[in-house]
Amino acid sequence: QSADPSQVGGLGGDWGQLSSSLDGVNSIMSRAATAAASGWQGEASSKALQFHSQVATWVGSASDAAKTTSHNVQSQSSAASNAKNSMPKPYTYTAAQALKDVVSSPFPPFAVYQAEQNLQKAQHNHDQMVQVASTYDDHLKQASQQMPALASTPSFQDNSSGPVSPPSGPSGGPRYSGSLGTHGGG
């Protein structure tokens, strides 16, 4: 009964906003790559555009995953709301209470009948609570099984030699070349 469906629903909305934001990022990156490709040629251009394509694919997949997550979290919110609204108030009546009521009654035959009714009511209440909890659990399990996993982010690699790193000088620092000569970092 402590579940807050509105809080869970808000989280689902946040995932939906993330999906929309990633769609926007993907659109901006695509326009930038198209603009850059028209004036850039050669191997570096090909590698950069290949990397951009990998990033765009990843961002698209991440957006789809966020959209799916949003839907699943919204389903969990609905399940929590339904369970909260369907859960009956607890009603407890035990065999010990029934025995006490029968023994202390001035009219035991009626007390036996009333105790049986109360025990049946308690059992029915318990069965309803179990059904609500079971339905809630089934809905959570179904939504959780559909949660996507994000792929690893792309890396800018030269397929023949592994990851591309900046050149380094003798001490491992950057090496700069220019009109003033070479500077070894350190």
Side-chain angles (χ1 to χ4, degrees), residues 1-86 132-180 182-186:
Q1 297 246 356
S2 64
D4 184 356
S6 64
Q7 186 178 13
V8 176
L11 182 60
D14 292 345
W15 278 103
Q17 289 175 353
L18 176 61
S19 174
S20 295
S21 296
L22 288 170
D23 285 340
V25 166
N26 201 15
S27 176
I28 291 168
M29 288 176 61
S30 294
R31 286 193 309 266
T34 300
S38 65
W40 193 13
Q41 296 177 356
E43 186 179 349
S45 170
S46 296
K47 288 187 184 291
L49 291 175
Q50 179 183 15
F51 176 68
H52 167 73
S53 176
Q54 292 170 351
V55 171
T57 299
W58 184 88
V59 170
S61 295
S63 174
D64 290 344
K67 195 175 299 176
T68 300
T69 300
S70 174
H71 173 75
N72 289 336
V73 171
Q74 293 290 349
S75 293
Q76 291 175 342
S77 174
S78 293
S81 178
N82 289 340
K84 188 173 186 175
N85 294 330
S86 301
V132 169
S134 178
T135 300
Y136 175 62
D137 186 55
D138 288 345
H139 283 110
L140 290 183
K141 187 184 303 181
Q142 184 179 27
S144 295
Q145 289 173 342
Q146 296 173 8
M147 285 294 188
L150 289 176
S152 298
T153 55
S155 63
F156 192 75
Q157 292 186 352
D158 176 350
N159 293 334
S160 63
S161 63
V164 174
S165 308
S168 61
S171 65
R175 183 180 63 204
Y176 301 100
S177 241
S179 61
L180 298 176
T182 302
H183 167 74

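These values consider heavy atoms only, across backbone and side chains, with no hydrogens, waters or symmetry-generated copies.
The minimum heavy-atom distance between Thr68 and Pro148, with the atom names listed, is CG2-CD, 4.0 Å. In terms of heavy atoms, Ala151 sits closest to Trp58 at O-NE1, 2.8 Å. Of all heavy-atom pairs between Val59 and Asn26, the closest is CG1-CB, 3.8 Å. Listed here is the closest heavy atom pair of Val8 and Val73: O-CG1, 3.2 Å.
Sorted by first and then second residue, the side chain to side chain donor-acceptor pair (under 3.5 Å) pairs with a member in residues 70-80 read Gln76-Ser144; sequence neighbours excluded. Screening residues 8-20 for side chain to side chain donor-acceptor pair (under 3.5 Å) gives Ser19-Ser63 as the qualifying pairs, with residues at least two apart or on separate chains.
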Verdict with reasoning, Met147 to Thr69, per side-chain contact (heavy atoms from CB on, under 4.5 Å)
CA-CA 6 Å; Met147 285 294 188; Thr69 300; 4.0 Å; yes

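In this structure, the side chain of Ser27 does not engage the main chain of Asp23 through any donor-acceptor pair within 3.5 Å.
Not counting sequence neighbours, the partners of His139 by the side-chain contact (heavy atoms from CB on, under 4.5 Å) test are Ala79, Thr135, Gln142.
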